[in-house]
Amino acid sequence: MPDLLLILFLLNFSLFLLHEMDAIRHSEWRLFIILKDMEDSKAYKVFTFIHLFLYVVILSLLFSQYQTIIFWVLDLFFIIHAILHFIFERHPRNEFKNRFSRAIIYPIGFLAVIHLVFLFNISI
């Protein structure tokens, strides 16, 4: 089962990376308090550059002794992330109002719940 658990997580993390690619296309930085007032070309660079460090940290922890902790943290983040996208669905700057974007965003939260349930059952 642990191999399937890792595959489920990696599938979900891959969906999240796809979402981040889609986020650049849809200028997601316009939804963030600090970045929304920046010029688009600068905000794009900041948004993209921040993700480099996030990915290095996440991938380093994922393949370390802290793998279970990063599973829990990211699963919870993925759930909250999907909920926030739902809450901001009507935001005027939200450009994720298409089927393709939604077909990436909402399964991330759903798969994170499934992954957490299995993770919790294994740790009991």
Side-chain angles (χ1 to χ4, degrees):
M1 184 60 166
D3 287 340
L4 289 175
L5 199 61
L6 179 60
I7 290 168
L8 178 61
F9 180 83
L10 292 175
L11 169 66
N12 208 23
F13 185 64
S14 297
L15 281 173
F16 181 72
L17 294 176
L18 283 177
H19 165 64
E20 292 306 312
M21 293 167 67
D22 194 38
I24 289 175
R25 181 177 183 270
H26 291 296
S27 307
E28 188 176 32
W29 55 83
R30 294 178 184 158
L31 298 172
F32 291 95
I33 293 170
I34 295 172
L35 300 176
K36 70 180 174 80
D37 295 325
M38 278 187 197
E39 181 181 315
D40 266 353
S41 62
K42 183 177 181 182
Y44 158 76
K45 290 174 187 168
V46 171
F47 184 82
T48 304
F49 193 68
I50 288 169
H51 282 78
L52 171 65
F53 293 105
L54 288 174
Y55 295 158
V56 168
V57 169
I58 290 168
L59 291 170
S60 296
L61 292 173
L62 185 59
F63 296 101
S64 75
Q65 65 195 24
Y66 304 107
Q67 183 181 62
T68 303
I69 294 169
I70 199 68
F71 281 168
W72 282 92
V73 169
L74 285 178
D75 282 341
L76 291 172
F77 170 76
F78 292 157
I79 294 165
I80 292 166
H81 176 264
I83 292 168
L84 286 173
H85 269 281
F86 182 75
I87 291 170
F88 282 93
E89 186 75 24
R90 296 178 191 256
H91 191 283
R93 291 186 172 181
N94 179 7
E95 296 184 18
F96 296 100
K97 298 175 184 176
N98 59 74
R99 285 185 187 167
F100 182 78
S101 295
R102 288 177 179 147
I104 296 171
I105 294 167
Y106 297 120
I108 294 170
F110 180 73
L111 289 174
V113 170
I114 292 170
H115 187 259
L116 272 180
V117 168
F118 283 120
L119 194 61
F120 183 76
N121 286 334
I122 286 174
S123 64
I124 290 180

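Everything numeric here is computed off the predicted structure, so don't read it as measured data.
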Show the nearest heavy-atom pair for residues [X] and [Y], with the distance to one decimal.
X    : Y    : result
A112 : N12  : N-ND2, 3.4 Å
A82  : G109 : CB-CA, 3.9 Å
A23  : F96  : CA-CZ, 3.6 Å

If you look only at pairs with a residue in [range], which of them pass as a side-chain hydrogen bond (donor to acceptor under 3.5 Å, both in side chains), with sequence neighbours excluded?
range          : result
residues 42-70 : E20-H51
residues 30-39 : R30-D40, R30-E95, E39-S41
residues 77-86 : H19-H81, H19-H85, E28-H85, H81-H85

Does F71 offer a backbone N or O that forms a donor-acceptor pair with the side chain of H115 under 3.5 Å? no

Under the salt bridge (charged side-chain N to carboxylate O under 4.0 Å, His left out) rule, collect the residues that match up with R102, sequence neighbours excluded. E89

Can you tell me how far CG of L11 sits from CG of L4, rounded to the nearest 0.5 angstrom? 12.0 Å

Please give the remaining members of the hydrophobic cluster of I34, linking ILVMFWY side chains under 4.5 Å, ordered by chain and number. none

All side-chain contact (heavy atoms from CB on, under 4.5 Å) counterparts of [X], not counting sequence neighbours:
X    : result
I114 : L8, F110, L111, F118
I70  : L61, L62, L74
F53  : F49

Show your reasoning for whether side chain to side chain contact (heavy atoms under 4.5 Å, CB included) applies to I79 and L116. CA-CA 10 Å; I79 294 165; L116 272 180; 3.6 Å; yes

Quick one: are W29 and V46 in side-chain contact, heavy atoms under 4.5 Å? no

Quick one, L84 and F88 - any side-chain contact, counting heavy atoms below 4.5 Å? yes

Take the angle between the ring planes of F16 and F78 and call it parallel below 30°, perpendicular above 60°, tilted in between. tilted

With sequence neighbours left out, what residues match D22 under side-chain hydrogen bond (donor to acceptor under 3.5 Å, both in side chains)? H26, S101

Sequence neighbours left out, what pairs pass salt bridge (charged side-chain N to carboxylate O under 4.0 Å, His left out) with at least one residue falling in residues 54-66? none

